[in-house]
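First listed ligand is number 1; within each ligand, the first listed atom is number 1.
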Amino acid sequence: MNKPEISVIIPTYNEEESLPKLFERIFPILDGLERAYEVILVNDGSRDATLPLLLRAQKRYPGRVRIIDFNGNFGQHMAIMAGLDRAQGEMMITLDADLQNPPEEIPRMVRCVDDGHDVVGTVRRQRQDTLFRRTASRLVNRLTNRITGLSLHDYGCMLRAYRRDVVDIINESAETTTFIPALAQKFATNPIEIDVAHSEREKGQSKYSLFRLIRLNFDLMTGFSMVPLQAVTMAGILISALSFLFAAFMFIRRLIVGPEAEGVFTLLAILFLLMGVTISCIGIQGEYVGRIYQEVRKRPRYVIRKVYDAQEAER
Ligand code: UDP
Ligand code: MG
């Protein structure tokens with residue numbers, strides 16, 4: 001087999017019901033591209049017949065399938081990370097196994113990468129999820145854009161294409177809690193977002209409970225922003241400043257008019273001031289923690305496109 005040009009990465013977790021249909025649809029499309037490709041299937045600790053099905057697909061579509069079998073459930077993003085780390089292609093495409101992302105969209109995404117885009121993001125047209133998921137998602141997308149300074153219309157859609165150089169950067173940041181689309185967007189130089197179709201999950205159930213969704217969103221928020229922490233510090237400083245003014249006012253009032261209702265408000269002013277100071281202290285501690293987190297994450301601090309050496313200019 002010659003070196004694949006395109007690597008397709010599919011995380012699977014208890015997807016025995018969806019896999020046969022997925023394979024039936026995706027392989028003809030990839031064959032139709034007429035380029036060398038590989039499909040990397042990651043088994044994220046499934047407890048059903050997922051692994052045997054993956055192995056069967058490997059026999060049935062020889063030379064095109066690689067399987068990574070996790071020894072437990074490490075989550076969708078880790079499964080994709082493992083795939084990206086081992087993918088050989090110049091172009092990587094990720095998609096879900098449940099056919100909510102139609103494989104028919106792949107050729108369009110390949111064309112976008114051919115056109116020079118290093119990250120192809122997608123926005124789910126007429127998203128087929130519950131009203132709750134759609135509303136929550138809209139809120140989260142907007143909030144996340146605000147606090148991370150990124151701009152993505154749909155963080156959750158995992159049908160995405162990346163060029164090798166962006167994936168190299170992603171691989172370099174050995175993060176344990178991460179959110180791949182945001183990471184890619186951060187390091188992309190020429191990203192694009194396209195509309196893609198979205199279908200209902202036909203077989204099996206969503207692997208995300210409400211609790212897991214919330215945890216995932218915390219990964220996204222803490223991974224890409226210190227704004228929540230800074231908000232605490234700012235609130236602390238603001239409360240301290242206001243209470244200080246209040247205390248000063250009470251003090252002056254006491255000198256001129258005399259004590260108010262047995263000094264209750266003076267007491268309150270002092271209490272508020274102390275509270276403000278406490279909140280500021282928590283915020284400041286948080287700032288240190290945030291910096292420690294940035295440090296241990298080992299994300300590349302900058303990315304060089306090219307260095308123009310002196311000798312090169314002379315040639
Ligand atoms: N997935 C995974 N590990 C997990 C959860 C999900 O590999 O712990 C895979 C799952 O098999 C599917 C994709 O991630 O291919 C998206 O999961 P799901 O469809 O349940 O998410 P939703 O569409 O509800 O956001
Ligand atoms: Mg799904």
Which residue from Gln128, Arg212, Lys207 reaches closest to atom 20 (O) of ligand 1 through any of its heavy atoms?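 It is Lys207 that holds the nearest heavy atom.
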Under 3.5 Å: N/O of Glu15 near N/O of ligand 1: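 Yes, at least one N or O pair falls under 3.5 Å.
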Can you run down the ring-ring contact (aromatic ring centres under 6.0 Å, His included) pairs that involve residues 57-84, sequence neighbours left out, and say none if there aren't any?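 For residues 57-84: Phe27-Tyr61, Phe70-Phe74, His77-Phe179.
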Say whether Ala97, considering both its backbone and side-chain N or O atoms, lies within less than 3.5 Å of an N or O atom on ligand 1.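 Between Ala97 and ligand 1 (N or O atoms, distance only) the closest approach is under 3.5 Å.
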Salt bridge Asp114-Arg163, side-chain N to carboxylate O under 4.0 Å: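 Here Asp114 does not pair with Arg163 in a salt bridge, since their nearest N and O are not under 4.0 Å apart.
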I need the atoms of ligand 1 closer than 4.0 Å to a non-hydrogen atom of Tyr208, numbered in the order shown.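 That gives atoms 21 (O), 25 (O) of ligand 1.
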Any atoms of ligand 1 less than 4.0 Å from a non-hydrogen atom of Asn73? List them with their elements.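 Matching atoms, with element in brackets: 3 (N), 4 (C), 8 (O).
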Near the Mg ion (ligand 2) (under 2.8 Å) - protein N, O or S atoms: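 Correct list: Asp98 OD2, Gln100 OE1.
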Can a salt bridge be assigned to the pair Arg60 and Glu24 using a cut-off of 4.0 Å between side-chain N and carboxylate O?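 Salt bridge absent between Arg60 and Glu24.
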Can you pull out the closest protein heavy atom to atom 3 (N) of ligand 1? Residue, atom name and distance to 0.1 Å, please.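 Minimum-distance protein heavy atom for atom 3 (N) of ligand 1 reads Asp44 OD2, 2.5 Å.
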Do me a favour and list the nearest non-hydrogen protein atom to atom 24 (O) of ligand 1 with residue, atom name and distance?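 Ranking protein heavy atoms by distance from atom 24 (O) of ligand 1, first comes Ser206 OG, 2.5 Å.
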Closest to atom 18 (P) of ligand 1 (judged by heavy-atom distance), picking from Met78, Gln205, Arg201, Gln76: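 Ranked by closest heavy atom to atom 18 (P) of ligand 1, first place is Arg201.
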Using a strict cut-off of 4.0 Å, indicate which atoms of ligand 1 neighbour a heavy atom of Arg133.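 Within the 4.0 Å cut-off of Arg133, ligand 1 contributes 22 (P), 24 (O), 25 (O).
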Is the NZ atom of Lys186 crowded by more than 12 outside heavy atoms at less than 6.0 Å?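 Count not over threshold, so no.
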How about Asn43 and Tyr13: do any of their side-chain heavy atoms sit closer than 4.5 Å?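 Of all side-chain heavy-atom pairs linking Tyr13 with Asn43, none is under 4.5 Å.
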A cation-pi test, strictly: NZ or CZ of Arg212 under 6.0 Å from the centre of the six-membered ring of Tyr208 and no more than 45 degrees from its axis. Yes or no?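 Flagged: Arg212 positioned over aromatic ring of Tyr208.
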Does the distance from a Lys or Arg side-chain N to an Asp or Glu carboxylate O, for Arg64 and Asp31, drop under 4.0 Å?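 So Arg64 pairs with Asp31 through a salt bridge.
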Atom indices of ligand 1, in the order listed, that fall short of 4.0 Å to a heavy atom of Gln100: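 Within the 4.0 Å cut-off of Gln100, ligand 1 contributes 19 (O), 23 (O).
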Which residue holds the protein heavy atom closest to atom 9 (C) of ligand 1, what is that atom called, and what is the gap in Å?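 Of the protein heavy atoms, Pro11 O, 3.8 Å lies nearest.
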Residue pair Cys281 / Ile284, side-chain heavy-atom distance below 4.5 Å: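 The answer is no, as the side chains (C-beta and beyond) never meet within the 4.5 Å cut-off.
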Under a 4.0 Å threshold between the charged nitrogen and the carboxylate oxygen, would Glu16 count as salt-bridged to Lys203?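 Result for this pair is no, no salt bridge flagged.
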Salt bridge Asp168-Arg164, side-chain N to carboxylate O under 4.0 Å: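 Salt bridge between Asp168 and Arg164, a charged N being under 4.0 Å from a carboxylate O: yes.
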Heavy-atom side-chain proximity of Val257 to Arg253 below 4.5 angstrom: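 Yes, side chains in contact.
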